[in-house]
S.K.: 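Before I ask anything, here is the structure I am working with.
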Amino acid sequence: MTPSSGARSPGTRRSAGILLHRVVDGRRQVLLGHMGGPFWARRDEGAWSIPKGEPEDGEEPLAAARREFAEELGLPVPEGEPVPLGEVRQSGGKVVSVWALAADLDPDRVVPGTFTLEWPRGSGVLREFPEVDRVAWFELPAARAKLVKAQREFLDRLAELHSFE
């Protein structure tokens, strides 16, 4: 359950993210972003993600997680000590490393970054879309339904960390 050292295996795509969590009325909540762009527009369950992205060449995974959080949400990572939640391999083969961070953040302050995509496909028209089109706090059971399947393991690991509170 240790995050990668930043070394890349040939052909292995990597991503790194920060999972913010807080306790409200005795219940743990996590901050998730609904993936932007036309593919995810009409989906809800399984269409949310931990803010994350790919490390640049030579960039350490935690540094990439911090940078991607700021790029995707338009806000700096809140103060606090990130706790490694390890790695999971998503169905497409990408290896995702995540750190949990106990902190609060107001979703209304989020100003998402954007990406460019040819849409509709094959049209030659490039359009900009938000990296995330909504951000919200969810209690763990609701988060499990919202998150893309492979990332649900991180919720289990977060719950395990805090099971003796």
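Quick caveat: nothing in here was measured; it's all calculated off a predicted structure.
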S.K.: Show the nearest heavy-atom pair for residues Pro55 and Ala64, with the distance to one decimal.
M.R.: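 The answer is CA-CB, 3.6 Å.
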
S.K.: As an exercise, state the distance from CD of Glu72 to OG1 of Thr114, rounded to the nearest 0.5 Å.
M.R.: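 Taking CD in Glu72 and OG1 in Thr114, the distance rounds to 11.5 Å.
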
S.K.: Please give me the minimum heavy-atom distance between Pro130 and Pro112, naming the atom from each residue.
M.R.: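 Between these two residues, the closest heavy atoms are CB-CG, 4.1 Å.
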
S.K.: Show the nearest heavy-atom pair for residues Phe115 and Gly37, with the distance to one decimal.
M.R.: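 Distance-wise, the nearest heavy atoms are CZ-CA, 4.0 Å.
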
S.K.: Determine whether Ile50 and Val96 make a side-chain contact, defined as any pair of heavy atoms from C-beta on separated by less than 4.5 Å.
M.R.: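 Not touching, per the 4.5 Å side-chain cut-off.
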
S.K.: For residues Lys52 and Glu68, determine if any side-chain heavy atom of one lies less than 4.5 Å from a side-chain heavy atom of the other.
M.R.: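 No, side chains not in contact.
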
S.K.: If every non-hydrogen atom of Trp40 is compared with every non-hydrogen atom of Gly46, which pair is closest and at what distance?
M.R.: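 Nearest heavy atoms, Trp40 then Gly46: CZ3-O, 3.7 Å.
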
S.K.: Under a 4.5 Å side-chain heavy-atom rule over Ile, Leu, Val, Met, Phe, Trp and Tyr, are Trp48 and Phe39 clustered together?
M.R.: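 Looking at the clustering, Phe39 is in a separate group from Trp48.
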
S.K.: Hey, are the side chains of Leu31 and Pro107 touching, using non-hydrogen atoms and a 4.5 Å cut-off?
M.R.: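 When only atoms from C-beta onward are counted, Pro107 and Leu31 do touch, with a gap below 4.5 Å.
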
S.K.: Any chance you could measure Asp106, atom CG, to Trp137, atom CH2, to the nearest 0.5 Å?
M.R.: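 Output value for this atom pair is 10.5 Å.
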
S.K.: For a quick test of reading the model, state the closest non-hydrogen atom pair linking Arg134 to Arg43 and the distance between them.
M.R.: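 Where Arg134 meets Arg43 most closely, the heavy atoms are NH2-O, 4.3 Å.
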
S.K.: To the nearest 0.5 Å, tell me how far Leu101 CG sits from Glu79 CD.
M.R.: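 These two atoms lie 9.0 Å from each other.
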
S.K.: Do Val111 and Leu75 come close enough that some side-chain heavy atom pair is under 4.5 Å?
M.R.: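 Heavy-atom side-chain distance check fails, nothing below 4.5 Å.
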
S.K.: Please report the C-alpha distance between Val132 and His34 in whole Å, then the side-chain angles of each, then the deciding distance to 0.1 Å, and finally whether the side chain to side chain contact (heavy atoms under 4.5 Å, CB included) criterion is met.
M.R.: CA-CA 5 Å; Val132 294; His34 183 270; 5.8 Å; no

S.K.: Measure the CG-CG distance between Leu19 and Leu32 for me, rounded to the nearest 0.5 Å.
M.R.: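 Answer for the CG-CG pair, Leu19 versus Leu32, is 7.0 Å.
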
S.K.: Determine whether a donor-acceptor pair (N or O, by modelled atom type, separation under 3.5 Å) exists between the side chain of Arg157 and the backbone of Leu85.
M.R.: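 The answer is yes, because a donor-acceptor pair under 3.5 Å joins these two groups.
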
S.K.: Parallel, tilted or perpendicular: which one describes the rings of His21 and His162, with boundaries at 30° and 60°?
M.R.: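 Aromatic pair His21/His162 classed tilted.
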
S.K.: Go through Glu153 and Val98 one step at a time and tell me if the side chain to side chain contact (heavy atoms under 4.5 Å, CB included) criterion holds.
M.R.: CA-CA 10 Å; Glu153 174 67 24; Val98 168; over 6 Å; no

S.K.: So Gln151 and Gln90, do their side chains get closer than 4.5 Å, heavy atoms only?
M.R.: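 Gln90 reaches Gln151 side chain to side chain.
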
S.K.: Do the side chains of Val148 and Leu73 join up, straight or via other hydrophobic residues, at under 4.5 Å, putting them in one cluster?
M.R.: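 No: no chain of side-chain contacts under 4.5 Å links Val148 to Leu73.
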
S.K.: When rounded to the nearest 0.5 angstrom, what is the spacing between CG in Leu105 and CZ in Phe69?
M.R.: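 Interatomic distance, Leu105 CG to Phe69 CZ, rounded to 0.5 Å: 5.0 Å.
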
S.K.: Got a donor-acceptor contact below 3.5 angstrom from the Arg13 side chain to the Gly93 backbone?
M.R.: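 Not a single qualifying donor-acceptor pair exists.
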
S.K.: Indicate if Leu117 and Met35 have the same hydrophobic cluster label, given that clusters are the connected sets of ILVMFWY residues with side-chain heavy-atom separations under 4.5 angstrom.
M.R.: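 They do not share one cluster, since no chain of ILVMFWY contacts under 4.5 Å joins Leu117 to Met35.
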
S.K.: Could you tell me the separation between the CG atom of Asp156 and the CZ atom of Arg144, rounded to the nearest 0.5 Å?
M.R.: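 Answer rounded to 0.5 Å: 4.0 Å.
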
S.K.: Got a sec: does the CD of Glu118 have more than 12 other heavy atoms crowding it under 6.0 Å?
M.R.: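 Correct, the count exceeds 12.
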
S.K.: What are the two closest heavy atoms between Ile18 and Arg66, and how far apart are they?
M.R.: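 Closest heavy-atom pair between Ile18 and Arg66: CG1-N, 4.3 Å.
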
